[in-house]
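None of the values given here were measured: they were computed from a predicted structure.
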Amino acid sequence: IKRIDMATGEVKIKGKWVDFPFDTHPGDFDVVSELKGIDLYFANHWPMVSDIMAYLEMHRRDLTANIVSANFGNLLVEHIPLSVPDIGHD
């Protein structure tokens, strides 16, 4: 992450920290946020993704995002849904 102009939201954690991310124990982890003015650098040979505006939600390990707009190099993209199920789990 190269830049964040604005990030607002809410994080809810229900359960014991020692049991996080609640794969095998009871509990919940939820994030709901709005992001504006985000610049991301993913990897070498990839263009900078800039001026991202998005709504991000996470429940336990499931990530969903609605990209309102972003610039991929010189290409403007709008209204892109994104889903990453079971993020961070091998």
Side-chain angles (χ1 to χ4, degrees):
I1 298 175
K2 294 288 192 173
R3 175 178 67 104
I4 301 174
D5 284 345
M6 195 256 332
T8 62
E10 186 175 87
V11 176
K12 292 182 183 179
I13 300 170
K14 181 180 177 184
K16 297 179 182 178
W17 272 112
V18 70
D19 297 334
F20 182 82
F22 312 114
D23 291 331
T24 58
H25 294 88
D28 278 317
F29 172 68
D30 294 295
V31 176
V32 177
S33 64
E34 179 181 0
L35 307 167
K36 291 182 181 178
I38 307 295
D39 291 348
L40 292 177
Y41 175 74
F42 285 105
N44 291 334
H45 309 294
W46 280 54
M48 173 77 74
V49 183
S50 60
D51 296 321
I52 299 168
M53 179 182 173
Y55 296 96
L56 181 93
E57 293 186 23
M58 187 156 192
H59 176 71
R60 293 194 181 174
R61 289 187 182 267
D62 296 328
L63 172 71
T64 57
N66 291 307
I67 310 300
V68 176
S69 62
N71 290 305
F72 284 78
N74 294 325
L75 176 66
L76 174 65
V77 295
E78 297 178 314
H79 309 291
I80 306 293
L82 173 71
S83 178
V84 183
D86 214 18
I87 195 169
H89 196 256
D90 295 332

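The nearest pair of heavy atoms linking Ala54 to Ile67 is CB-CD1, 3.7 Å. When all heavy atoms of Ala65 and Leu56 are compared, the pair lying nearest together is CB-CD1, 4.0 Å.
With rounding to the nearest 0.5 angstrom, the OH atom of Tyr41 is 7.5 Å from the NZ atom of Lys2. Taken to the nearest 0.5 Å, the CD1 atom of Ile87 stands 5.0 Å off from the CG atom of Leu63. The CD1 atom of Ile38 lies 6.5 Å from the CD1 atom of Ile52; values are rounded to the nearest 0.5 Å. Between the NZ atom in Lys36 and the OG atom in Ser69 there is a gap of 10.0 Å [rounded to 0.5 Å]. Summarising the geometry, atom CG belonging to Leu82 is positioned 8.5 Å from atom OG1 belonging to Thr64; distances are rounded to the nearest 0.5 Å.
Met48 is listed as a side-chain neighbour of Asp39, based on a closest heavy-atom distance under 4.5 Å. The shortest side-chain heavy-atom distance between Met53 and Asp5 does not fall under the 4.5 Å cut-off. Looking at heavy atoms from C-beta onward, His79 lies out of side-chain contact with Asn66 at the 4.5 angstrom threshold. Side-chain atoms of Phe29 and His59, non-hydrogen and from C-beta on, never get closer than 4.5 Å to each other.
In this structure, Asp62 contributes its side chain and Asp86 its backbone to a donor-acceptor pair below 3.5 Å.
Within 6.0 Å of CG in Leu75 there are more than 12 heavy atoms belonging to other residues, nucleotides or ligands.
Neither Val84 nor Tyr55 shares a network with the other; the hydrophobic side chains, linked directly or stepwise wherever heavy atoms of I, L, V, M, F, W or Y lie under 4.5 Å apart, form separate groups for each. Cluster annotation: Val68 is not connected to Met6 through the hydrophobic network of ILVMFWY side chains, with a link wherever side-chain heavy atoms come within less than 4.5 Å. Linking Ile, Leu, Val, Met, Phe, Trp and Tyr residues whenever their side-chain heavy atoms come within less than 4.5 Å leaves Leu76 and Leu35 in two separate clusters.
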Without placing hydrogens or testing angles, list every side-chain donor-acceptor pair under 3.5 Å for residues 8-24, not counting sequence neighbours.
from: Asp23; atom 1: OD1; to: Arg61; atom 2: NE; distance (Å): 3.0
from: Asp23; atom 1: OD2; to: Arg61; atom 2: NE; distance (Å): 3.0
from: Asp23; atom 1: OD2; to: Arg61; atom 2: NH2; distance (Å): 2.8

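Screening residues 64-73 for salt bridge (Lys or Arg N to Asp or Glu O under 4.0 Å), with sequence neighbours left out, gives no hits.
Among residues two or more places apart in sequence or in another chain, the side chain to side chain donor-acceptor pair (under 3.5 Å) test is passed with Arg60 by Asp28.
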